[in-house]
Amino acid sequence: MVRILITGSNGQVGSEIIEFLKKTTDCNILATDITQPKEQVEGVQYEYMDVKERVLVESIFKKFKPENVYHLAAILSATGEKDPVVTHNVNSTGTINILSACVTNGVQRAFIPSTIGVYGPETPKENAPVDNYSLPTTMYGITKVTSEMLFKYYHSRYNLDVRSVRYPGLISYKVEPTAGTTDFSVDMIKHAAMGKKYTCYLKSDTRLPMMYMPDAMSNTMKLMYQDTVKRRVYNFMSYSTSPGEMEEIIRNRIPNFQVEYAPDYRQAIAESWPASINIEDSVNDWGFNCKFDLEKTIDDMLDHYTSPA
Ligand SMILES: NC(=O)c1ccc[n+]([C@@H]2O[C@H](COP(=O)([O-])OP(=O)(O)OC[C@H]3O[C@@H](n4cnc5c(N)ncnc54)[C@H](O)[C@@H]3O)[C@@H](O)[C@H]2O)c1
């Protein structure tokens with residue numbers, strides 16, 4: 001039975017990873033966060049752990065002795081701009097604390113997601129290359145570029161098997177996204193399902209890379225189960241879409257759905273990111289593939305909101 005420690009376990013990704021691991025792996029999970037879980041999953045232990053607190057992190061690792069770690073605690077892009085110092089402390093200091101605890105406690109493999117937020121305005125807008133030399137303009141992006149550099153450092157200096165993916169905007173219904181720049185996708189579908197008008201904080205033609213959560217989970221686990229990987233960081237995306245395109249697809253299903261556009265500070269963040277990113281290495285190295293296109297994603301999300309299981 002593999003011992004797995006998860007940080008940021010109550011978030012959009014953490015709650016899905018716990019469910020996925022419980023279904024697919026014989027595992028003993030310690031789920032950690034600074035908040036209480038909304039519902040406790042049977043067979044999962046929960047513990048308070050602030051990733052900024054190095055001594056606490058070390059002591060929990062020492063006690064639990066994880067073999068695998070999923071480090072998901074982070075402050076995302078839009079919230080990240082509200083307090084750059086806190087964002088830096090959670091995302092950069094938190095990540096080095098986790099990497100260091102992995103080394104001192106002999107962790108076999110760690111997964112730490114990165115983001116399309118590592119790209120900046122000079123990056124090519126379409127098919128942005130995985131080897132990226134552009135500078136991000138958000139604190140979130142700065143901390144994630146730092147983290148990607150730390151993955152390479154900890155791998156080459158300590159031989160730590162740390163694996164990462166740049167998630168695009170993740171669409172899911174289980175736990176709502178907190179405050180990323182791509183969250184309009186979930187909000188819009190939810191408003192449509194509830195028969196409400198939606199006010200979108202991005203312009204209708206702002207295209208961004210996106211992906212449905214079941215595809216994000218299956219591909220994350222596929223990457224984690226490879227014996228070896230050629231790169232520390234891989235790009236993930238299923239489709240590139242905009243609020244306007246989503247509105248049109250939803251209106252084909254819900255004809256009286258209304259959207260108003262009132263761009264705010266998140267428009268500048270979205271415009272600093274590419275509309276699509278290159279996933280060739282993920283496909284060629286370990287067979288990245290997705291089952292849900294945008295229409296299937298919207299249909300599945302609407303089904304879940306209108307007839308929850
Ligand atoms: N959701 C997305 O669309 C998306 C896209 C790209 C990358 N990512 C990355 O995936 C990872 C998980 O993101 P998410 O969507 O689950 O975020 P989330 O905001 O839903 O969850 C993050 C969790 O971290 C916890 N947390 C915050 N500060 C903490 C601290 N100091 N110590 C411990 N826990 C703390 C929060 O309580 C929350 O439960 C992050 O690294 C994020 O950058 C997510």
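First listed ligand is number 1; within each ligand, the first listed atom is number 1. The model shown is predicted, which means the values in this text are computed figures rather than measured ones.
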[X] and ligand 1 - part of the residue with a heavy-atom distance under 4.0 Å:
X	value
Thr35	side chain
Ser114	backbone
Met49	backbone
Val90	side chain
Leu76	side chain

Per-atom contacts, ligand 1 versus [X] - under 4.0 Å to a heavy atom:
X	result
Ala73	24 (O), 33 (C), 34 (N), 35 (C)
Pro168	3 (O), 5 (C), 6 (C)
Pro113	9 (C), 10 (O), 11 (C), 41 (O)
Tyr140	6 (C), 7 (C), 8 (N), 42 (C), 43 (O)

Consider every N or O of [X] and every N or O of ligand 1, then say whether any pair is closer than 3.5 Å.
X	answer
His71	no
Asp33	yes
Asp50	yes
Gly169	no

For Ala270, check side chain to side chain contact (heavy atoms under 4.5 Å, CB included) against everything at least two apart and list the hits.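 Checked Ala270 against side chain to side chain contact (heavy atoms under 4.5 Å, CB included); matches are Thr181, Leu202, Thr206, Leu208.
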With Tyr48, which residues qualify under ring-ring contact (aromatic ring centres under 6.0 Å, His included), at least two apart?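 For Tyr48, no residue satisfies ring-ring contact (aromatic ring centres under 6.0 Å, His included) once neighbours in sequence are set aside.
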Residue pair Thr32 / Glu47, side-chain donor-acceptor N/O under 3.5 Å: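 Checked: Thr32/Glu47 side chains show no N/O donor-acceptor pair below 3.5 Å.
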Check the side chains of Ser204 and Glu247 for a donor-acceptor pair under 3.5 angstrom, ignoring hydrogens and angles.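 There is no such pair (donor and acceptor under 3.5 Å, judged by atom type) between the side chains of Glu247 and Ser204.
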With side chain to side chain contact (heavy atoms under 4.5 Å, CB included) as the test, pick out the partner of Val162 among Ile98, Val103, Leu99.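 When Ile98, Val103, Leu99 are each tested with Val162, the side chain to side chain contact (heavy atoms under 4.5 Å, CB included) holds only for Leu99.
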Donor-acceptor under 3.5 Å ([X] side chain, [Y] main chain):
X	Y	answer
Glu53	Met49	no
Asn10	Thr35	yes
Thr115	Arg166	no
Arg207	Glu245	no

Is Ser172 in contact with ligand 1, taking contact as a heavy-atom separation below 4.0 Å?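 Contact check Ser172 vs ligand 1: negative.
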Close approach of Lys144 to ligand 1, heavy atoms, under 4.0 angstrom: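 The answer is yes: ligand 1 sits under 4.0 Å from a heavy atom of Lys144.
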If you count the non-hydrogen atoms of other residues, nucleotides and ligands that lie under 6.0 Å from CZ in Arg231, is the total more than 12?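 Above 12, so yes.
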